[in-house]
Amino acid sequence: MTVRVRFAPSPTGYLHVGGARSALFNWLFARKMGGKFLLRIEDTDQSRYNETALHDLIRDLKWLGLNWDEGPEVGGPHEPYYQSQRLDLYKRHADELIAKGSAYRCFCTSERLDALRARQEENKMPPGYDRHCRDVDPEESNRRAAAGEVHVVRLRTPMSGKTVFTDLIRGEIEYQNHVLDDLVLLKTDGFPTYHLANVVDDHDMQITHVLRGDEWIPSTPRHVLLYQAFGWTPPVFCHLPVILAPGGGKLSKRKGAASVGDFRDKGYLPHALFNFLALLGWSPGDDREKMTLQELVESFSLERIMPKSAAFDEIKLEWLNGQYLIDTPVDSLLDEVRRILELRGYAAELAAQPSMLRKHVSLLKDRSKRIDEIVDTGLYFWRDPDTYDEKAVAKYWKAETPERMRVLCAQLQTVTWDHASLEACYRALTETLGIKFADLIHPTRLAVSGLSYGPGLFELLEALDRKMVIDRIHRALERLGG
RNA sequence: GGAGCGUUCGUCUAGUGGUUAGGACGCUGCCCUCUCACGGCGGUGGCAGGGGUUCGAGUCCCCUACGCUCUACCA
């Protein structure tokens, strides 16, 4: 039997990194096993439906490289892949359960339910439906339903015994049936709850393995009961640990970014995030950290997923991203860097010097951790420095510096403008003046970039042109004294 | 309140009865070097606590503590 797994998000907000990781594990497993990865949209909550969310979700999954074999946009043999378009199917199955006596109509009003819950809370009773309608006579139930009385459909959960299932990474998990109440299958609006839709669809779409967040563990016994009520064989369950914020607790915008889109905007590469997420809660079993997509797929196995929730350490993500930036060809970074530069207000400069972009990226990408850092630490490629780093001035711009800079400028007028010649020029000049190489280099970098750090000086000078360099040195002489 | 899940350096993890408890990020020392970053070499730092089982326990069992999740006509 070929493996079929699915990612079944609810389009109510952005794609959270936790959700992204669930999707990613599903994807890796499908690819590893030569199976199918489906995307199914669980839009059964009309009140929370959000059109933008669906669009962003699809965009973010694609950005991460998670392509699906069946689902929205690509179709497939089990269409439609939107639960809101499968209402008849759920209704039919709910009716089937009612006919079998495995489910029943509940006519309780939300007022009664609220009051019930309040009373339970007050008396410190365990909350849960009191099964008020469980034993309504079937004929009466049919009559009231036919008369149009508002109702939900609930599962008739066994009141004794226990339900056991196996979680692939945790082993057997056991629930006493009496702690489970009669959950709602079909809501008054005719939409199914997650529980019904999920079980019906997973069966209909022949899902073999359910890989989902571990917040679903407590619902799983009810799902198993549902499979049993239908007479179906449940899939293999594998519950994934959650991702925590750095200090513990929920991941949110405040505590590090939470959505995939945030990370894209912050200048991370999709594969870096992919790789990082794959290593959160899973490891190949050896010391590898930086892994290609193919290596990830080949090494992946569900058994190696950790049961423990993991904290999202953005510092480590930055490191990984920096590693990938080194491997990424200059050309494939151009568009994104251009986008950010425009965002920073450099559209005109970009247009005036189209060839500068490549130089900028190639000199800075290997020393940056994020794409936005490439931009923000290299703005001097586009404009004269308007400030000079104070510490650097104190350290490198000494009393004798201006005179040396003037001598240097004279040389720069005529030297061949490439990094090798420039370096030779600096070497010769320091020798003549009897000073250290660094005595000329640091002030030059400061004058040209305003900073104390950056690319190798001669590569930088070559990238900027002769006139620009000389002008900036003169400018520094004026502003810093000389 | 109840139920469930979890607990190896600060963080991500390796480890399935016998290891000097290994690696990575971070921090840090040195080297490389025109700076920064990269890279190389070293250092820092951990089995939540308590009971068992065993010749021997991070590894198996129990208890406690702590954390998280669920306890909706949300997923």
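Below, chain A is the first sequence line, B the second, and so on; all start at residue 1. All figures in this text were calculated on a predicted structure; none of them were measured in a lab. Worth knowing before you read on, the calculation uses all heavy atoms, side chains too, and leaves out hydrogens, waters and symmetry mates.
Closest contact between the side chain of A/Glu459 and the listed nucleotides B/rC12, B/rC34, B/rU69 involves B/rC34. Nearest to the side chain of A/Met306, among B/rA3, B/rA14, B/rA75, sits B/rA14. Each of B/rC34, B/rC5, B/rC74 was ranked by its minimum atom distance to the side chain of A/Arg48; first place goes to B/rC74. Here the side chain of A/Tyr396 is nearest to one of B/rC38, B/rU35, B/rC74, namely B/rU35. Closest to the side chain of A/Pro218, from the set B/rC34, B/rC70, B/rC38, is B/rC70. Residue A/Arg170 places its side chain closer to B/rC5 than to any other of B/rA75, B/rC36, B/rC5. Here the side chain of A/Ile173 is nearest to one of B/rU11, B/rG4, B/rU71, namely B/rG4. Distances from the side chain of A/Thr44 to the nucleotides B/rA75, B/rU71, B/rU35 place B/rA75 closest. Closest approach to the A/Pro127 side chain among B/rC34, B/rU71, B/rU13 is made by B/rU71 (side chain taken as heavy atoms from C-beta onward). Picking from B/rC12, B/rG26, B/rA75 the nucleotide with the shortest atom distance to the side chain of A/Ser219 gives B/rA75.
Below the 3.5 angstrom threshold, one finds a donor paired with an acceptor across the side chain of A/Thr188 and the base of B/rC73. Residue-to-nucleotide contacts include no donor-acceptor pair under 3.5 Å from the side chain of A/Lys369 to the base of B/rA37. Taking only distance into account, the side chain of A/Arg367 never meets the base of B/rC38 through a donor-acceptor pair shorter than 3.5 Å.
Across all strands shown, B/rA75 has no partner, as no Watson-Crick or G-U wobble contact with both distances under 3.5 Å is found. In this structure, B/rG4 and B/rC68 make a Watson-Crick or G-U wobble pair, each of the two defining distances being under 3.5 angstrom. Under the Watson-Crick or G-U wobble criterion, with both distances below 3.5 Å, B/rC55 is paired with B/rG18. Nucleotide B/rG29 forms a pair with B/rC41, judged by Watson-Crick or G-U wobble geometry with both contacts under 3.5 Å.
Residue contacts for A/Pro307: at a heavy-atom cut-off of 4.0 Å it reaches the sugar-phosphate backbone alone, with no base atom in range. As judged by a 4.0 angstrom heavy-atom cut-off over every strand, A/Glu318 is placed among residues making no nucleic acid contact. Contacts of A/Thr377 with the nucleic acid, taken as non-hydrogen atoms under 4.0 Å apart, are absent. Note on A/Ile315: only backbone sugar-phosphate atoms sit closer than 4.0 angstrom, heavy atoms only; bases stay farther off. As judged by a 4.0 angstrom heavy-atom cut-off over every strand, A/Lys436 is placed among residues making no nucleic acid contact. Using a 4.0 Å heavy-atom distance criterion, A/Glu289 is classed as a base contact. Backbone-only engagement by A/Gly281 is indicated by non-hydrogen atom pairs under 4.0 Å involving sugar-phosphate atoms exclusively. If you check every strand for non-hydrogen atoms under 4.0 Å, A/Tyr175 touches sugar and phosphate atoms only. Residue-level contact check: A/Arg212 touches neither bases nor backbone, having no heavy atom under 4.0 Å from any strand. Using a 4.0 Å heavy-atom criterion, one finds that A/Val152 contacts the bases of the nucleic acid, with or without backbone contacts as well. Counting any heavy atom pair closer than 4.0 Å across all strands shown, A/Ser452 reaches a base atom. Looking at heavy-atom distances under 4.0 Å, A/Pro9 makes no contact with the nucleic acid at all.
With salt bridges taken as basic N to acidic carboxylate O contacts below 4.0 Å, none links A/Lys316 and A/Asp313. Between A/Asp201 and A/Arg86 a salt bridge is recorded (basic side-chain N to carboxylate O distance below 4.0 Å).
Look at CG on A/Leu180: it is 12 Å from P on B/rA72, rounded to the nearest Å. With rounding to whole Å, A/Lys308 atom NZ is found 17 Å from B/rU69 atom C1'. Atoms CD1 (A/Ile217) and P (B/rC68) sit 16 Å apart, rounded to a whole Å. Rounded to a whole Å, the CE atom of A/Met291 is 13 Å from the C1' atom of B/rA24. What separates CZ of A/Arg222 from C1' of B/rC70 is a distance of 9 Å, to the nearest Å. A/Gln46 places its CD atom 16 Å from the C1' atom of B/rA72, with the value rounded to the nearest Å. Spacing between atom CD of A/Glu111 and atom C1' of B/rC73 amounts to 12 Å, rounded to whole angstrom units. The distance from atom NZ of A/Lys162 to atom P of B/rG4 is 12 Å, rounded to the nearest whole Å.
In summary, the aromatic rings of A/Phe312 and A/Phe276 are positioned with their centroids under 6.0 Å apart. For A/Trp216 and A/Tyr194, the gap between ring centers is short of 6.0 Å. Between A/Trp282 and A/Phe25, the ring center distance fails the sub-6.0 Å criterion. Aromatic rings of A/Phe458 and A/His419 (six-membered ring for Trp) have centroids beyond the 6.0 Å cut-off, not under it.
With A/Tyr82 as the aromatic partner, A/Arg40 does not meet the cation-pi criteria of under 6.0 angstrom to the ring centre and within 45 degrees of the ring axis.
For the residue pair A/Tyr324 and A/Asn275, a side-chain donor N or O sits within less than 3.5 Å of a side-chain acceptor on the partner.
For the C1' atoms, the distance linking B/rC5 with B/rG42 amounts to 41 Å, nearest Å. Comparing the same atom, C1', in B/rU54 and in B/rG46 gives a spacing of 25 Å after rounding to whole Å. Nucleotides B/rU13 and B/rG49 are separated by 23 Å at their C1' atoms, to the nearest Å. Taking atom P in both B/rG6 and B/rG45, the straight-line distance is 31 Å, to the nearest Å. Rounded to the nearest Å, the gap between the C1' atom of B/rC27 and that of B/rG67 is 26 Å. Remark: the separation of the C1' atoms in B/rG4 and B/rG40 is 49 Å, to the nearest Å. Annotation: B/rC30 and B/rU53 have their C1' atoms spaced 49 Å apart (nearest Å). Using atom C1' as the reference point in both B/rU44 and B/rC63, the two lie 35 Å apart (nearest Å).
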Criterion salt bridge (charged side-chain N to carboxylate O under 4.0 Å, His left out) on A/Arg370 and A/Glu373, from CA distance to verdict: CA-CA 5 Å; A/Arg370 288 187 266 116; A/Glu373 187 183 344; 5.5 Å; no
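Checking A/Met125 against A/Gln323, the closest nucleotide of RNA chain B that is more toward the 5' end is the one next to A/Met125. Both A/Glu42 and A/Leu244 sit near RNA chain B, but only A/Leu244 has its closest nucleotide nearer the 5' end.
Under the side-chain contact (heavy atoms from CB on, under 4.5 Å) rule, A/Arg212 has a single partner from A/Val5, A/Asn198, A/Asn26, which is A/Asn198.
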